[in-house]
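The next block holds one structure in the form of structure tokens; read it before the comments.
Here is how names work: the chains are called A, B, and so on, in the same order as the sequence lines, proteins then strands, and each is numbered from 1. Since we're looking at a predicted model, the values are computed, not measured.
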There are 2 protein chains.
Amino acid sequence: MARKRFDDSNCSVARALNEVGDWWSLLIVLQAMYGTRRYVDFQKELGIAKNILCDRLGRLVENQVLTKVDVGEHGCRFEYRLTDKGRELFPVVIALRQWGDRWNPAPDQAPLDLRDRASGRPISPVCVRDADGQPLTIREVCLPGATSADDPAADS
Amino acid sequence: MARKRFDDSNCSVARALNEVGDWWSLLIVLQAMYGTRRYVDFQKELGIAKNILCDRLGRLVENQVLTKVDVGEHGCRFEYRLTDKGRELFPVVIALRQWGDRWNPAPDQAPLDLRDRASGRPISPVCVRDADGQPLTIREVCLPGATSADDPAADS
DNA sequence: AAATAGGGTTGCGTTATGAAACCAAATCAA
DNA sequence: TTGATTTGGTTTCATAACGCAACCCTATTT
């Protein structure tokens, strides 16, 4: 009946998706990372329905991904700002962006490249690394959650 | 009316979410990374409704995240296997898992730790790195998609 | 031939989403 | 001081998605 939630799942991915796993939440976080803070700006940038935006902002605040701050300006009374928790979604968002750019490139534009503010050089692809910083593929990692002895990476 | 899709969005995150941004798709990919390949096993492990599972598997195959392989075994005629595209969601899934473990730890169990299969040592936290491999926070990265000059990382 | 298992599809009721209308507080303009 | 604007919502309602159970078809065992 009700959409399944994963609050009590023993899988941390499921618990994470419970907070930012719907269509809009992660896009709101992304937009916040781009600097958007105000309700109307989220609405304009994302083209999201107002009621859905209210719901998602409220839920993100509730889950402490955003904080709602009263700034007493003209008709701009609140700002939604990333918390540390929200800010730490940065690798998730960037990994997703890189994946999207790699496998579903926009037909008419170059992928946006992110650069180190200090050096101006492009950032590296986000990847899983071992303790020494060497990149690891899925084949080289033990996945304790695995339910079979099969190689999860095989495709033939 | 219709749920919004982002096929033609100029944002690669939105395009990525279009393929794996719903409640179930990324969990199916995760389960596939754990080694699950068969329809019934996905259903058992995830507790997902059969019609939804059909829809999601079909969509993931359509988007070339999984391939459907006919293996002529007893009552186990198909396997769904990760493609290269699907396998490259590894950093996304791991980053999300680490975020979930850090900010929403399961009350009754230790976070599953992933280890380098070769050395047996735990993997590093997934993070965004500069060209030299040094970790970068959001404050140290230029975000060309930014719509304002505000510091997106500020929380006060 | 009958039972079983895998892999679905179909109905049906509940929930979520999207668009537009409406509402209320605070500010700005006249 | 009155009225128009802006921000940040809530309400209403139609449509789409989800969850569950029941059913179906094929292939394989027994």
* Find out if a path of hydrophobic residues (ILVMFWY) with successive side-chain heavy-atom gaps under 4.5 Å connects B:L46 to B:V61. => yes
* Mind checking whether B:L53 and B:W24 sit in one hydrophobic cluster, side chains of I, L, V, M, F, W, Y counted as touching below 4.5 Å? ->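 Yes: a chain of side-chain contacts under 4.5 Å links B:L53 to B:W24.
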* Under the criterion side-chain contact (heavy atoms from CB on, under 4.5 Å), which of B:V29, B:N63, B:L26 is the partner of B:E19? ->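 The single option meeting the side-chain contact (heavy atoms from CB on, under 4.5 Å) with B:E19 is B:N63.
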* To do: Using a strict 4.0 Å threshold on nitrogen-to-oxygen distance, state whether B:R56 and B:D22 make a salt bridge.
  => yes
* Asked: Taking for each residue the nucleotide of DNA chain D with the nearest heavy atom, is it A:D41 or B:R5 whose nucleotide lies nearer the 5' end?
  -> A:D41
* Start at the 5' end of DNA chain D and walk down; is the nucleotide closest to B:R56 or to B:K50 reached first? -> B:R56
* Asked: If only atom types and distance count, is the side chain of B:D130 paired as donor or acceptor with the main-chain N or O of B:D132 below 3.5 Å?
  ->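 Present.
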Under 4.0 Å between any heavy atoms, over every strand shown, what does [X] touch: base, sugar-phosphate, or nothing? Just pick one.
X	answer
A:K68	sugar-phosphate
B:F42	nothing
A:N51	base

Please give, in whole Å, the distance from [N] [atom2] to [X] [atom1]?
X	N	atom1	atom2	answer
A:D70	D:dG8	CG	P	10 Å
B:R77	C:dT4	CZ	P	18 Å
A:K44	D:dT6	NZ	C1'	10 Å
A:I52	C:dA19	CD1	C1'	11 Å
B:Q43	C:dT9	CD	P	13 Å
B:R37	C:dG7	CZ	P	13 Å
B:D55	D:dA17	CG	P	9 Å
A:L53	C:dA16	CG	P	17 Å

* **B:L57 or A:I48, whichever maps to the more 5' nucleotide of DNA chain C** =>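 Its nucleotide being nearer the 5' end, the pick is B:L57.
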* Should B:W24 be listed as having a side-chain N or O under 4.0 Å from OP1 or OP2 of D:dA17? ->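 Negative; the distance criterion is not met.
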* Think B:Y39 has a side-chain N or O under 4.0 angstrom from the OP1 or OP2 of C:dT9? ->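 Checking C:dT9 against B:Y39, no side-chain N or O comes under 4.0 Å of OP1 or OP2.
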